[in-house]
Amino acid sequence: ILHLKSHSDHLLIDFKAFPVVLQLGFFCCFCQKKDIVSAERPFYVEPRNIVDHDPQERISAEAAILNSRLHYYSRLTGSSDPLLSPPNHVVPQPEEIYIYSPLGIAFKIPEGDQTAKNSSLISIFAIWNTMMGTSILSIPWGIKQAGFTLGVFILVFTGLLTLYCCYIVLKSPKTIKSVDTTDWEFPDVCRHYFGKFGQWSSLFFSLVSLIGAMVVYWVLMSNFLFNTGQFIYSESHRHIDCSLLVLRGFLLSLDAVICPYPVIHPDGDSCGGGHAGNDTSFERLWSKTNTVPLYLIVLLLPLLCFRSASFFARFTFLGTISVIYLIVLVTIKAARLGFHLEFHWFEPTHFYVPEFRVLFPQLTGVLTLAFFIHNCIITLMKNNKHQENNVRDLSVAYLLVGLTYLYVGVLIFGSFPAPPLIKDCIQPNFLDNFPSNDVLVFVARVCLLFQMVTVYPMLGYLVRVQVMGQLFGNHYPSFFHVLFLNILIVGVGVLMAKFYPNIGSIIRFSGAICGLALVFVFPALVHMIPLKREGRLTWLSAALHSFLILMGVANVIAQFLM
């Protein structure tokens, strides 16, 4: 009944007389014994999750059949039995395989050497590049809110704390012994321990971080577009803006720092007065909160409705260029302005903030999002060539990220000229502390604006994949479904840009809320539960990780009290 023939090191098996379950069981047991089933299997993504072009055109009929067969085999036995895992002959060919990231994007495996891995240097840079975002613009403001000494301490402490939680996330799949977790991500680990609650809560907090980022992007894009228009208009009309006049009548140069608060000219004329009617008409049509956020709808709403986000993914390198340019800009500004630091521990002062302030939770909220990479760290480290160096590479990456934030935050805070201005003038977006006709800052705003225009549709795509995939089982059920979702997202961004354009507060709230689950609560519980089951959980470890959960809860509560 069973015929086994050896031919070019492959086994030809005839299972026609066997029931289906016996066929699969014998085949898997035999092949595993002969080392035919590979240790690492590719993960096949269903057509609705694939990014590039129309999924119906990218997935062949043969691949669809293989996918259905793979799902069929997975239901023959429980996931805890590795002997009946799908065999190699049902796995699609390499050209039909996609890798699914936890953020919702599917990437096609490149042609050529499929076993190619990244070096430690590339892995470290990838983490640094992924973690760098708009939060870097709010770090100086956060240090100001906490006080210089306390702010630097909190930045270092939060970086170490989030690094430890990220380390727990990275090793969490390996703590599950009964299941093959080769292709698992952290949401899978949460679903394993917490069931549907873990699945839906991880989805909710992921959406909080994504939508919060989109709101911040809309506010920043409105800001950058407004200042870009101001620069072009001023240069074309040789207009001397009254914002260049500051306290005590100092006329600042292009390298100066301004305080965006309303300032009265020493002669009695307030900034904004005395403009010609033509200027008033321009200001009415080009308002940072009233008109510019609406102009962005014309550009970005059609981009959000694209079926695929692969076109925008080609511009991700702009993020790296923007961050590097910001570091160069901060260095130049600090060199020209010099340092203005005075340490006031007890006595109050008009020009300097205290070293310790009760507003420090605002910085912890910002830093929670600034150091947030926990939902995709497993994916990033899977391609590391030397897996034994994952912890070391992760630590080095966090060190570089922390040093970047520390460098920007300390230099902007320290070089802010006080007096004549006051340190409390530092804005949630530190670029607002430079006049609109500053050429170096103008270039930074244009670069960041173009980068955000390309990244914003990608964020919208991730929200669409998660929401539509859960509700309808299809990331693009129809154009009207997608349009309705995008109108809601854009509407939130427009409202926040008009009535509450404070990116520091938006970042700290979204960071504290999403960090509550994905940075503090879930990693701490995932660490304690397997130790508890094995009887190896000590009271000290339980106390420390429970305290970690309390810190996450306190971080969220404190944001509403500031």
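Bear in mind the structure is a predicted one, so any value in this text is a computation, not a measurement.
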For Phe547, does the CZ atom have more than 12 heavy-atom neighbours from other residues, nucleotides or ligands under 6.0 Å away? no

Check the pair Phe224 / Val453 against side-chain contact (heavy atoms from CB on, under 4.5 Å), numbers first and verdict last. CA-CA 11 Å; Phe224 295 150; Val453 168; over 6 Å; no

Listed pairs under 3.5 Å, donor-acceptor, residues 551-562 side chains, sequence neighbours left out:
unit_1, atom_1, unit_2, atom_2, d
Asn555, OD1, Thr364, OG1, 2.8
Asn555, OD1, Gln559, NE2, 3.0
Asn555, ND2, Thr368, OG1, 3.2
Gln559, OE1, Arg508, NH1, 2.9
Gln559, NE2, Pro361, O, 2.8
Gln559, NE2, Asn555, O, 3.0

Do Leu537 and Lys532 come within less than 4.5 Å of each other through their side chains, counting heavy atoms only? yes

NZ of Lys171: more than 12 outside heavy atoms within 6.0 angstrom? yes

Gap between atom CD1 of Ile258 and atom OG of Ser436 - 0.5 Å precision: 7.0 Å

Return yes if a side-chain donor-acceptor contact under 3.5 Å exists between Gln387 and Asn384, otherwise no. no

Considering all heavy atoms, the nearest Glu355-Glu342 contact: OE2-O, 3.7 Å

For Val482 and Met468, which heavy atoms make the closest approach, and how far apart are they? N-CE, 4.1 Å

Any side-chain heavy-atom pair from Cys190 and Phe186 closer than 4.5 angstrom? yes

Is a side-chain donor or acceptor of Asp424 paired with a backbone partner of Val353 at a separation under 3.5 angstrom? no

Which atom pairs, donor and acceptor, lie under 3.5 Å between side-chain atoms of residues 488-506 and protein residues at least two apart or in another chain?
unit_1, atom_1, unit_2, atom_2, d
Lys498, NZ, Asn290, OD1, 2.8
Tyr500, OH, Ser505, OG, 3.0
Asn502, OD1, Gly504, N, 3.1
Asn502, OD1, Ser505, N, 3.1

Indicate yes or no: at least one non-hydrogen side-chain atom of Phe371 is less than 4.5 angstrom from one of Cys166. no

Any chance you could lay out the side-chain contact (heavy atoms from CB on, under 4.5 Å) test for Phe148 and Ile143, step after step, and finish with the verdict? CA-CA 6 Å; Phe148 181 72; Ile143 292 178; 4.2 Å; yes

Please walk me through it: do Ile139 and Leu367 pass side-chain contact (heavy atoms from CB on, under 4.5 Å)? CA-CA 8 Å; Ile139 297 297; Leu367 291 176; 3.7 Å; yes

Rounded distance [0.5 Å steps], CG in Leu300 versus CE in Met221: 4.5 Å

Is any side-chain heavy atom of Asn383 closer than 4.5 Å to a side-chain heavy atom of Ile122? no

Side chains of residues 401-415: which donor-acceptor pairs under 3.5 Å do they make with residues two or more places apart or in other chains?
unit_1, atom_1, unit_2, atom_2, d
Thr404, OG1, Trp128, NE1, 3.2
Thr404, OG1, Leu400, O, 2.8
Tyr405, OH, Met131, O, 3.3
Tyr405, OH, Ala370, O, 2.9
Tyr407, OH, Thr331, OG1, 2.5
Ser415, OG, Leu411, O, 2.6

Would you say that Ile176 contacts Pro530 through its side chain, given a criterion of any heavy-atom pair below 4.5 Å between the two side chains? no

Side-chain donor or acceptor of Asn129 paired with backbone N/O of Phe125 under 3.5 Å: no

Between the main-chain N or O of Ala418 and the side-chain N or O of Tyr352, is there a donor-acceptor pair closer than 3.5 Å? yes

Enclosure of Phe157 CZ (heavy-atom neighbours >12, cutoff 6.0 Å): no

Nearest-0.5 Å distance, CG of residue Leu369 to OG of residue Ser510: 5.0 Å

Considering residues at least two apart in sequence or located in another chain, which fulfil the side chain to side chain donor-acceptor pair (under 3.5 Å) criterion with Lys382? Glu185

On a heavy-atom basis, the closest approach of Thr289 and Pro293 is O-CG, 3.8 Å

Within the 4.5 Å heavy-atom criterion, are Asn227 and Leu431 side-chain neighbours or not? no

Of all heavy-atom pairs between Val292 and Ser222, which one has the smallest distance, and what is that distance? CG1-O, 3.4 Å

Could you give all pairs that pass the salt bridge (charged side-chain N to carboxylate O under 4.0 Å, His left out) test and reach residues 389-404, with sequence neighbours left out? none

Tightest non-hydrogen contact, residues Pro523 and Ala517, listed as CD-O, 3.5 Å

Atom OH of residue position Tyr167 - does it have more than 12 heavy atoms of other residues, nucleotides or ligands inside 6.0 Å? no

Can you say whether the rings of Phe430 and Phe434 are parallel (under 30°), tilted (30 to 60°) or perpendicular (over 60°)? perpendicular

Separation between CG of Leu448 and OH of Tyr325, rounded to the nearest 0.5 Å: 10.0 Å

If you round to the nearest 0.5 Å, how far is CD of Gln427 from CG of Asn433? 5.5 Å

Give the ring-plane orientation class for Tyr164 versus His527, where under 30° counts as parallel, over 60° as perpendicular and anything between as tilted. perpendicular

Quick one, Met381 with Ile127, criterion side-chain contact (heavy atoms from CB on, under 4.5 Å). Give me CA distance, side-chain angles, the key distance, then yes/no. CA-CA 9 Å; Met381 299 307 292; Ile127 297 174; 3.5 Å; yes

Restricting to non-hydrogen atoms, name the atom on Ser322 and the atom on Gln451 that form the minimum distance, rounded to 0.1 Å. OG-OE1, 3.5 Å

Heavy-atom check, side chain of Ile321 versus side chain of Cys447, under 4.5 Å: no

Evaluate the side-chain proximity of Phe416 to Pro140: yes if any heavy-atom separation is below 4.5 Å, no if none is. no

Output yes when a side-chain donor or acceptor of His374 lies under 3.5 Å from a complementary backbone atom of Phe520, and no otherwise. no

Please check this pair: side chain of Thr158 against backbone of Leu155, looking for a donor-acceptor N/O pair closer than 3.5 Å. no

Whether Phe472 and His481 hold their rings parallel, tilted or perpendicular, with breakpoints at 30° and 60°: perpendicular

Value rounded to 0.5 Å, distance of CG in Leu304 from CG in Leu485: 9.0 Å

Could you give all pairs that pass the side-chain hydrogen bond (donor to acceptor under 3.5 Å, both in side chains) test and reach residues 134-143, with sequence neighbours left out? none

